[in-house]
Amino acid sequence: MGMIANAYELIIYILEFFGVYGPIKNIFQVLGIEFVLKIIIVLVEVGILFVFVLLTVMFLTWMERKVVAMVQARYGPMVTGPRGLLQPVMDGVKLIGKEDIIPEKADRWIFTLAPFIVFIPALLVFIPIPFGQSLIISDLRVGLLYIIAISAVSPVAILLAGWASNNKYSLMGAMRAVAQDISYTIPLALAAIAIVLFTGSLSTVDIVNAQSGTWFGIIPKWFIFLQPLGFILFLIASIAEMGRIPFDFQESESELVAGFFTEYSGMKFAMFFLAEYAHLFAVSGIVVTLFLGGWSFPILPFVPPMLVPLVSLGVFLVKTYAVIFFAMWLRDTVPRMRIDQLLNLGWKIMVPLALLNLLLAGFLITVWGAF
Amino acid sequence: METDELIVNMGPVHPSTHGVLRFRLRMDGEIIKECTPVLGYLHRGTEKLGEMKTYLQFIPYTDRLDYVSAFPYNYAFVKAVEELAGIEVPLRAEYIRVITMELNRIVNHLVSIGSLLMDLGASTMMLWGFRERENALQLFEKLCGARMTFNYIKPGGVREDIPEGFIPQLNEFLKDMEKRIEDYEQLINSNEIFLMRMKNIGVISAEEAINYGMTGPTLRGSGVNYDLRKYEPYSIYRDLDFRACVRNEGDSYARYLVRIDEMKESLHILRQVVDTMPEAKIVSSAKYGIAPMTGAPSAVSTYFPRIFAPPAGEVYSRIEAPKGELGFYIISDGTTKPYRVKIRSPSFCNLTAIPKMVQGLKIPDLIAAFGTIDVVLGDVDR
Amino acid sequence: MNPAEELKQKLPAAVVSTGMQVNKPMAVIKTEELLNAARKVKEMGFDHLSVITGTDYNDHFEVVYNFFSYNNKQNLVLKVIADHDKPEVDSLTSLWKGADWLERETYDLVGIRFNGHPNLVRILLAEGWMGHPLQKDYDMMRRK
Amino acid sequence: MAWISKNWTMSGIIKGLIVTLKHVLHIGNRPTVTVQYPYERMKLSPRFRGLHAVDENACIGCGICEVNCPNGTIRIVKHNTRWYPQVNIGMCLFCGICVDVCPMNAMKMTGNYELADYTRESLIYGPDRLLFNKEVKQ
């Protein structure tokens, strides 16, 4: 199992296991279009990923409501499906059925384009995330850089959306989102670089592998124990990146009505909404990958090799949902900060702390190396 | 770089203007250079209505001024009428009135704090506040059949005696509420983000607060130790032991803390009232009374008159409503309808100070400061 | 000592008469002397302007000011009589900022003009509204 | 920096998190207080002021309720051979003054609060929908 690096190889392995890969490959070879088979397999794996992500996102919207409801002594959605589980489907149906309004004074093209520019990176960011052993679309050698780079696209789209709406609230929301994203990507990246110092690789798989195993047989070798400060900084920065309370300035509904998507309705609104939750899932997954050991878990070596992808996927999801739950829990507890306070926090506190953390990491590695 | 001023119309339909208030903001980026409240979107001409209705008919309209805390509005109007006509009120009725008003103060502060935190983005407090409010509303419903617009306090007494099972339920509420207030304090009082948002925001000094005519918790948050219940006692407040809750900082956080303290004080008052309530079942004075109805299915006792005309004169009577000083100025010409009703509503006068409070701050601060002023637009626009 | 009497002693020229409004001391002030009297009232410690009421009595307007002193815990009522055809009194905004909106409201609903008010425009009713609803001859049936 | 040195423990937020977690885990709290409205309803108090009801035998059609109604909601109309009140729910304040002033104690208010309707006309409740017969009910 160890040789299977990514989902592409896993699909081929499964097909071979059932003995169908050879004949199929032969057919394509005879036709001389072997590359089509590759494309088909890639499309299948990407399709599975996207379906999985979209289902997760739908589930997350339900979960968000349920967690809020539990905190607030309510039921939350209860009518559609068992305990309201189908509520996201109904919401989707409703949003599709809604009129798609484009304001008269809006910049039509940019207004229409912006939701897509938000939505697509939100899905693309999943490509180098290892959901489990060999459950990764592509183990990019610059995986971490790719993630940070792709996340940096969404503020552009938000600015486009806010500007194109031709609404003052939208514009202010967009400006805030950009200011916030820029000032938080830096501590986020700095905290991630400390991890890279430890692993010596930007590849997410390498990062996860570096965290498998234990110290003294009890404590898992997760980076959270080596980098507690880095973890806290990364978590705060990623909540800010997600744009959730206490850092949800881009929409801050009590100040800016709905921020950059004030003017959006129908399916375009749904795309912002989905992108938000996809982002939540992705960022939580990244937190897990970098600091909580990804899919690795001390019991994993004792699992039969056939089941490792499944079990590791389970481990990864449990950890990710724990982070997501924390984000939701935090959202129900704290009020929103003010934008200038957030920027103060970002530049004056988190960036110096992240640099300090980097220094600590370097020191630790040097000391470690000396032994 | 050349920049332009941004004129933002916040409202009349906006999530955090608590109704249909509009702020015309002249802004430099995110900084408010000038804030002009624009009122009148909910103006219903209540003062003119008062000239058209009889004294009894006007009481339901007072409910609809501040729909969050309607009992004090009932009472303020009725108190003015009683002063005008010189009506004696039975002691038990006064006790019931104080129960309703103090419960309503708790309800009002729950809504106020809840909506403040909702505006700050913490929806949990809002829902928790409404959870406890619901219990109080059920008490109101039990008492007078309505949850928000009561029409319960009448000249010379109250509409009905308290029903069976009301006092035990009230005691339960008081016990529950104590624990809940602890929860709230634990949830928000020391929350760092909350403190960052509230401290030194919307500061108004004691002199300015007085000069602007601010009253109630907003005034006491600025360090003026003044509570009409204490220093111009009406009803049975003279006999009760409580204190006026004062904070000296004058910022949003102080105003918030005053509200929390007032809830505790109200619980304290309610406990005393329940303990010392007279047993005599007289809830309406019979000065203008007609004979009680016989064979009434419910306890609807109609001691108060159908035709009621106080002597000519004028009166300005004020009480400490949850939001501040609430006054009714009634001029009677001896007929069954008031000649003029003027409502001195606390929200309206407190709102006067908002342009001063928020100048140079940012939109989120406007929301925080505005939330701690606690206005209800029905009360502002009348 | 009754603050209304005190005011009369201090400003005999301004006070027309003194009396009681239920249990609050009241002084009727000459219209043109209002600002002086108000200044004196503020010096006497009445720092809280509780309410401004305007009333239409068909032949004249009355403007009533209710004051309160936080230090002395005293009430004082000032009453000013304004001409019905040209209801004008002095504005107290220079002394109490809280008077600003109360005067605007009185102007809006009762139609009394306050001289020296910085921004005497309608506050509750829409701009361009005709008439003042709390005047007794206001035609309620006319469409605005 | 002064702020962080004072608040680096974030104790306030942690306290808040504990309170909310207690609610999630239902420690010392009732799990839910809301009701699933159309399926279950809250218990109304007997004094609840909802839709009016008029005792067919007691009402004398005197019109005192009509005169005393603050909003002009009630009109006395002819029903069969006698005069009964007709209530326009769309204008009603549900203040209960009509109940208080009724000299025959014929007017009362029921617990019916689901009064939404499709037309304004159907909000006018004539005697045919308001009358109840005491003898029949008891």
Side-chain angles (χ1 to χ4, degrees), chain B residues 36-45 47-52 80 83-84 86 206-215 219 224-226 228 230-232 313-318 325-331 333 339-345 348-353 355-356 380-382, chain C residues 19-24 26 42 46-58 62 64-75 77 79 92-106 108-110 119 121-127 129 132-136 138 140:
Chain B
T36 321
V38 182
L39 320 175
Y41 292 93
L42 201 59
H43 180 61
R44 295 156 295 177
E47 289 175 15
K48 188 72 180 173
L49 275 171
E51 295 174 10
M52 317 255 147
E83 275 178 21
L84 196 61
E207 290 75 39
E208 279 171 333
I210 290 171
N211 202 313
Y212 274 106
M214 293 172 86
T215 45
L219 180 70
V224 182
N225 186 349
Y226 192 72
L228 278 168
K230 193 92 187 158
Y231 298 104
E232 216 179 86
E314 53 188 79
V315 65
Y316 176 62
S317 108
R318 29 185 223 158
E325 176 188 318
L326 165 67
F328 274 85
Y329 192 101
I330 300 179
I331 300 175
D333 55 353
Y339 188 76
R340 169 91 166 89
V341 180
K342 160 81 191 176
I343 304 151
R344 192 263 185 220
S345 65
F348 181 80
C349 295
N350 288 348
L351 197 61
T352 319
K356 166 86 180 92
V380 175
D381 292 344
R382 281 157 296 168
Chain C
M20 295 292 273
Q21 186 207 55
V22 187
N23 44 19
K24 298 181 176 78
M26 179 178 76
K42 199 172 182 189
F46 289 93
D47 40 9
H48 176 45
L49 171 57
S50 184
V51 72
I52 299 176
T53 319
T55 316
D56 179 9
Y57 281 100
N58 290 326
E62 267 182 15
V64 183
Y65 299 83
N66 278 263
F67 293 102
F68 183 75
S69 163
Y70 281 118
N71 293 324
N72 309 329
K73 316 274 188 268
Q74 274 177 325
N75 283 294
V77 184
K79 193 177 262 189
L92 301 188
T93 39
S94 52
L95 297 169
W96 287 275
K97 283 180 187 138
D100 183 344
W101 283 17
L102 288 166
E103 283 176 355
R104 271 175 74 186
E105 191 202 337
T106 311
D108 190 359
L109 298 178
V110 192
N119 181 27
V121 293
R122 290 190 181 274
I123 184 164
L124 291 178
L125 301 178
E127 279 168 44
W129 190 277
H132 303 277
L134 287 181
Q135 290 180 352
K136 291 288 170 184
Y138 180 78
M140 300 260 288

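Letters A, B, ... are given to chains in the order of the sequence lines, protein chains preceding strands, and every chain is numbered from 1. Please read these numbers as outputs of a predicted model, since none were measured by experiment.
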Heavy-atom closest pair, residues Leu102(C) and Cys349(B): CD2-SG, 4.1 Å

What part of Val380(B) is in contact with chain C, defined as an atom under 4.5 angstrom from a non-hydrogen atom: side chain, backbone, both or neither? backbone

Relative to chain C, which of Glu83(B), Lys356(B), Arg318(B) shows the most heavy atom pairs under 4.5 Å? Arg318(B)

Counting heavy-atom pairs under 4.5 Å with chain C, which one of Asn225(B), Leu39(B), Asp381(B), Asp333(B) comes out on top? Leu39(B)

Top contributor to chain B interface from Asp100(C), Asp108(C), Asp56(C) [non-hydrogen pairs under 4.5 Å]: Asp56(C)

Ring centers of Tyr70(C), Tyr231(B) separated by less than 6.0 Å: no

Rounded to the nearest 0.5 Å, how far does OH of Tyr212(B) lie from NE2 of His48(C)? 15.5 Å

Need one label for Glu325(B): side chain, backbone, both or neither, based on atoms under 4.5 Å from any heavy atom in chain C. side chain

SB check Arg340(B) Glu62(C) (cutoff 4.0 Å): no

Which bit of Tyr57(C) comes within less than 4.5 Å of chain B, counting heavy atoms only: side chain, backbone, both or neither? both

Can you tell me how far the CZ atom of Phe46(C) sits from the CD1 atom of Ile210(B), to the nearest 0.5 Å? 13.5 Å

Where on Val110(C) is there a heavy atom nearer than 4.5 Å to chain B: the side chain, the backbone, both, or neither? side chain

What part of Val64(C) lies closer than 4.5 angstrom to a heavy atom of chain B: side chain, backbone, both or neither? side chain

Checking Ser50(C) against Tyr316(B): is there a side-chain donor and acceptor pair closer than 3.5 Å? yes

Below 4.5 Å from any heavy atom of chain C, which atoms of Glu232(B) appear? Answer side chain, backbone, both or neither. side chain

Is NZ or CZ of Lys73(C) both nearer than 6.0 Å to the six-membered ring centre of Tyr226(B) and within 45° of the ring axis? no

Given that the side chain runs from C-beta out, which part of Asp47(C) has a heavy atom under 4.5 Å from chain B: side chain, backbone, both or neither? both

Residue Leu219(B) versus chain C: region with a heavy atom under 4.5 Å: side chain

Heavy-atom distance under 4.5 Å to chain C: side chain of Ile331(B), backbone, both or neither? side chain

Between chain B and each of Arg122(C), Lys79(C), Lys42(C), count heavy-atom pairs under 4.5 Å; write down the option with the most. Lys79(C)

Where is the tightest heavy-atom contact between Arg382(B) and Leu124(C), given as atom of each residue plus distance? NH2-CD1, 4.1 Å

State the CD1-OG1 distance between Ile330(B) and Thr53(C), to the nearest 0.5 angstrom. 11.5 Å

Return the CD to CD distance between Glu47(B) and Glu105(C), rounded to the nearest 0.5 Å. 5.5 Å

Here the gap from Asn211(B) atom CG to Trp96(C) atom CH2, rounded to the nearest 0.5 Å, amounts to 8.5 Å

Between Glu51(B) and chain C, which part of the residue has a heavy atom less than 4.5 Å away: side chain, backbone, both or neither? side chain

What residue in Asn75(C), Ile52(C), Thr55(C), Leu109(C) has the most heavy-atom pairs under 4.5 Å with chain B? Thr55(C)

Report yes if the side chains of Lys342(B) and Val51(C) come closer than 4.5 Å at any heavy-atom pair, otherwise no. yes

Is a side-chain donor or acceptor of Lys48(B) paired with a backbone partner of Leu134(C) at a separation under 3.5 angstrom? no

